[in-house]
Amino acid sequence: QGPLRADAEGVLVFAAASLKTALDEIAPAFEQQSGQEVTISYAASSVLARQIQLGAPADLFISANADWMDVLQEQGLIDEASRVDLLGNGLVLIAGGDAITIGEMRPDVDLQAALDGGHLAMALVDAVPAGIYGKAALQSLGQWSRVQNQVAQTDNVRAALALVATGAAPLGIVYRSDAAVEDRVQVVATFSPDLHPPIIYPAAATVPASAGAKAFLAHLNSEAARVVFAEQGFALPGG
Amino acid sequence: MSLSVRLQHDLPDISLDINFEAPPGVTVLFGRSGAGKTTVVNAVAGLLRPSAGRVAIDDWELFDTDHGLWLPPHKRRLGYIFQEGRLFPHLTVRQNLFFGRWFAPRRARRESPEKVIEMLGVGHLLDRRPAGLSGGEKQRIAIGRALLASPRLILADEPLAALDDARKSEILPYFERLRDEVSVPILYVTHSAAEVARLATSVVALQDGKAVRHGPASEVLADPSVAPAGVRAVGAVLQVRVAKHHEDGLTELDAGGTSLFLPRIPHQIGASLRIRIPAQEVILSSKRPEGLSALNMLEGTVETIRAGEGPGAIVSIKTKAGSVLARITRRSVASLGLEPGRVCYAVIKTVALAPQDVGGRLGNY
Amino acid sequence: MSLSVRLQHDLPDISLDINFEAPPGVTVLFGRSGAGKTTVVNAVAGLLRPSAGRVAIDDWELFDTDHGLWLPPHKRRLGYIFQEGRLFPHLTVRQNLFFGRWFAPRRARRESPEKVIEMLGVGHLLDRRPAGLSGGEKQRIAIGRALLASPRLILADEPLAALDDARKSEILPYFERLRDEVSVPILYVTHSAAEVARLATSVVALQDGKAVRHGPASEVLADPSVAPAGVRAVGAVLQVRVAKHHEDGLTELDAGGTSLFLPRIPHQIGASLRIRIPAQEVILSSKRPEGLSALNMLEGTVETIRAGEGPGAIVSIKTKAGSVLARITRRSVASLGLEPGRVCYAVIKTVALAPQDVGGRLGNY
Amino acid sequence: MGWLGPEELEALKLSLRVSFWATLVTLPIGIFVAYALARWRFPGRQVLNGLVHLPLILPPVVTGYLLLITFGIQGPLGRLLAEFGIVVAFRWTGAALAAGIMAFPLMVRAIRLSIEAVDPKLEQAGATLGASRPLVFATVTLPMILPGVIAGAILAFAKAMGEFGATITFVSNIPGQTQTLPSAVYAFLQVPGGEAAATRLVVISIVIAMGALLLSEFIGRRVASRVAGS
Amino acid sequence: MGWLGPEELEALKLSLRVSFWATLVTLPIGIFVAYALARWRFPGRQVLNGLVHLPLILPPVVTGYLLLITFGIQGPLGRLLAEFGIVVAFRWTGAALAAGIMAFPLMVRAIRLSIEAVDPKLEQAGATLGASRPLVFATVTLPMILPGVIAGAILAFAKAMGEFGATITFVSNIPGQTQTLPSAVYAFLQVPGGEAAATRLVVISIVIAMGALLLSEFIGRRVASRVAGS
Ligand SMILES: Nc1ncnc2c1ncn2[C@@H]1O[C@H](COP(=O)(O)OP(=O)(O)OP(=O)(O)O)[C@@H](O)[C@H]1O
Ligand SMILES: Nc1ncnc2c1ncn2[C@@H]1O[C@H](COP(=O)(O)OP(=O)(O)OP(=O)(O)O)[C@@H](O)[C@H]1O
Ligand SMILES: [Mg+2]
Ligand SMILES: [Mg+2]
């Protein structure tokens, strides 16, 4: 018998892949407390959202951006009442090896000069959330048009991180949470949250969700969980 | 069982138009390369669909284009012995032999495998694979495979052509045994006059897609105007009986009252045989020769003299043993004063009769 | 140019141990299937690396295992005519013919392509591909291809074995012309006595990997104890000269003063020829025969009588034309009272000498 | 395999199961399609040929998406199969379906080439000996193409072991159900510090796939020499 | 192609260029490797065979990552090539490298099978006629395997047209430099409502790849019949 059910036993979570480390740490505690089994499928938000659109038996969806959650909500596939902005995140400019830290990113920082002909690693700037936010931030700073042609776009933000970590690109724009755990990169500058639309990880139970779904969602908002998220570099809404 | 064949088919180079009834026994399709022999056999086998025609074994029709009847090959119950063997390389000799048998209706299984294996002398090869076999062995397996399918008709398309002389004389006896011991009609393709003489009950001579001559082997082969294989193929076929095996290694044959001597042949006394006497092996003498090493002399009278284009002539002599043909020079015809009605002697060397010109027990003809 | 071959090589079934020096002309490797003929040729060609040995053309060494010398095949400048043709299917006949020529050193190009194409009669095929050709045509192209590589040695491995008789007699003359018009040594593999008689300057008889006999063709073939191809291959080779072409289609040959008659052969008067007279075609007579259709009678004295195991015996008669062999029954030996020294007459039918037993101009032997 | 976590072990087992069934079920279809492409001339032959090659050419994500649309819970074929009690969506069976489809072109190509190498004259010989078309296929053609079939099957197995894009798009990445080895690798690569675990899994799949390939070369050669006769 | 935006048109052109060069440059290497695998027995032959198959078996992301490590700006081979003025990182040349490597196993398999079908006796005949090994290859083997080479090349081209995972991981997605058709498709699929645009691009790549495949069947058959003689 497969997961084609929304039964009382167990919770099937569809979560953006970037949450893997945190959720894998949080879920066991909940399983012990509640006796419910939590199964988490990690993939790109777009993939998971499409699967839910086409009938996937997920109980809980945690997206890496608001757009896909909005689409599902419009189609009535999620329980509107349960939707919460679970996490936030910030963007940072990273560099490989030893680099000077300049604190907050300012319009007068000569990003182009810093690249020195190299590439700026970002996720796809028109498709993948981290890339979309990054592009918006650079536009706000008036830097986009100058570096536009030097942006190396990857299919996910982790690949952009890897470009910088392996030295293939001198600089990159990634989530703070990604930069936090990668030893080979250093945060050069942070982007102020008002330079780009708010980075939000919305979470919601699906319409035919199991009873455990809401309990697990509540657990994700618990103090213990918040500690783990914070450790991973995520921002907490209102926190 | 008799075979009736009527075929019309256009190929890029020649068009086939053939019509013959084959009596029981071995029917030989005889003709030069490209005459259309394989095409006929393939049509009988169902591997080629002729544009018009009908083939029937007795009154069991294999196909009849007039009535839209067409049996697929596997329903025709044939044993096709291909020129190149076509043994299955992935099967052992035993599996090859039994291949057709698996598919033959149980009640139709006539041949006993033991008997066939013994007859072909392939018992020691059963567990080997075809790749390691000699050409002669392969061809024997192919014969056995066709036979064990318990066919209602055996097709053999130049089964010996790819073999050297030694192998040929090794295999030919099996076909004789097939003809004599297994009562299945055989359609046999060849362009070797020796094979025709030895095996054929009747002969269909093909030329450019047409059956130019059709009749008993002895008639067709004695006709130098047909001689599809060239003048050297002309010869007479005599019906003889084994009279005695002499101690000095010779066998004495009784040919209509006259004695003929041959190097020992492995047939029992009293056995009916046919021997082919190639016209060019016969010397004629105007008087009874003396002091010659040749042991065979047949007295007779000249029937006809046919002069060819070259220096030779074919002289037919009526003897007590039957008609004997001799190919001699026109110069000799003149110097011996030969003319129809003259008495003369046909001299035949004992050792000049090659083993493959001596046939087994005579068929039904 | 002479060829010197010394070889030792172990194969799973037989071990090869061969040593011979071949004089200029055609050296025939003669022996049964499996005797090791192809293995020897492959070693000469460099397609097989024998465990020990040396092969040299005059003093140009192809390999010498003692000195670690090994020329790769493409440096050996050979013309290998394979049993199966091995024409390149993707090239036209012209490209096939010129293949070896592309790679031959420019100054070594001896044969004129026009001459070779004309000699082989393949001019009309040049733009076709091998797939569409008949077996005989294919083999002629293979010969031309080998020739146009301007080789220092021609290897021919049973080049006629896959062909039927008609094709064989179509190709054999080309090898004669090769021997007579092109001064390249030829190593020729066959198991046909007729081919040996017609082509060979010298013969190396192989048996089970060993060279059991080696010498001029006339000697090896006249020896019934060798006769690797069976007693029917025994025959004598006579050296003759074309004396006259008669109007009745016969050709008169001069054989050491005696006349022999044959159906017209296409050689000029005065041409030197050799003819093979198969022992079994010869009839002996104790007195001068009269009234016989056979035109050829050679007077001579009995040299030796060798009785075989069967009913036959080989009688050698010394005539003015040379030694003639006759295969007759022991019974006739007795009845004619033959014994060494006796005078007797060898009778040979004019038409019994097959065209393929008549050779072209004699080689250097 | 003490150094594999339970979840990784599960992914390995699942990958083996998925690849095994993907190969096994597609094999007869692959043989049939290869035979049809090699031996029959029928209208739409080139269309079939193109369809077979499609998964090789399309980005895997697209293939996965197409599968999701057609074989998903709401897809037309998905519903049809569900009528017969066969559910592939978000089950390991779906992963097998995706893997099988992605590996199919490789399998068909290998088998087709070996069928084209079989001399139709041998099949004719089988027919004259009384074997109908299917029996000729079973007794002559199939045994002779066995090396090609084995090569095709093992290549397909290896490919199935590495399939990722279509699988995750079609059946997601559910541990124990649809999380194959490559999906697990993907998940590890999406988070910081996951490279070590990912590398471990990659090495395992390389070892298995290479083992299978070597095996196929070996079996292929043995069978080939048996078929050609020794 | 009025219904393609300028950026999409650029992606299409780039994909064609990348696939073309990927095929052209890997072809001689593929022929050489196929020949070595088919005809030579050398230590490490099976290792080479395994290496060639690796991209078929590995998840493409892993291949891309390995390429990044070795051929990237900091990678050992990347630096070596840079010494000779050849930069592949973030260039279309890198996309071609990735596509070529991903398509390589398909190419080699096709060519290898056709080499194994050539009768070595013909090559021997060429040698006895004075052609050295390379010349025998050029004048005998190569013309005879031409159908297989063409099939292999076009299959590789089609595969290269669809390659995505390794390419984007290795050279990322730089419009005009490395944004191939599949990258564009991927980008469209990431955002809600992008399906229509993605479908358009997918249809284009299918048309091109199918056209190439049909062409290969056609050419292959023509050449084969020319080689076998008519
Ligand atoms: N499928 C075909 N397509 C075109 N021509 C064909 C075909 N089959 C046979 N032919 C031609 O028909 C003629 C007769 O062929 P067939 O094979 O029947 O001759 P055959 O008498 O068997 O000759 P052989 O003794 O050489 O086997 C030949 O000229 C041959 O080229
Ligand atoms: N590569 C090989 N491996 C094993 N045995 C071989 C090999 N080549 C030849 N032989 C064996 O060596 C023997 C001699 O073979 P070879 O081909 O030289 O004979 P041949 O005289 O040319 O015979 P044929 O007249 O049949 O061509 C045969 O018994 C053959 O089976
Ligand atoms: Mg025929
Ligand atoms: Mg040989």
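The figures that follow rest on heavy atoms only: side chains count, while hydrogens, waters and symmetry mates do not. Residue numbers start from 1 in every chain, and the chains themselves are labelled A, B, ... in the order their sequence lines are given, proteins ahead of strands.
- To the nearest 0.5 Å, the span separating CD on E:E195 from CD1 on D:I69 amounts to 7.5 Å.
- Proximity to chain D (any heavy atom under 4.5 Å) is shown, for E:I208, by neither the backbone nor the side chain.
- Using non-hydrogen atoms only and a strict 4.5 Å limit, the part of residues 53-63 of chain E facing chain D consists of E:H53, E:L54, E:L56, E:I57, E:L58, E:P59, E:V61, E:V62.
- Proximity to chain D at a heavy-atom threshold of 4.5 Å picks out E:A158, E:K159, E:G162 from residues 158-174 of chain E, in numerical order.
- Using a 4.5 Å cut-off between heavy atoms, D:Y186 does not touch chain E at all.
- When heavy atoms are compared at a cutoff of 4.5 Å, D:L181 does not approach chain E at all.
- Annotation: E:E7, atom CD; neighbour count of heavy atoms from other residues, nucleotides and ligands within 6.0 Å does not exceed 12.
- To the nearest 0.5 Å, atom CZ of residue E:R109 and atom CG of residue D:L106 are 7.5 Å apart.
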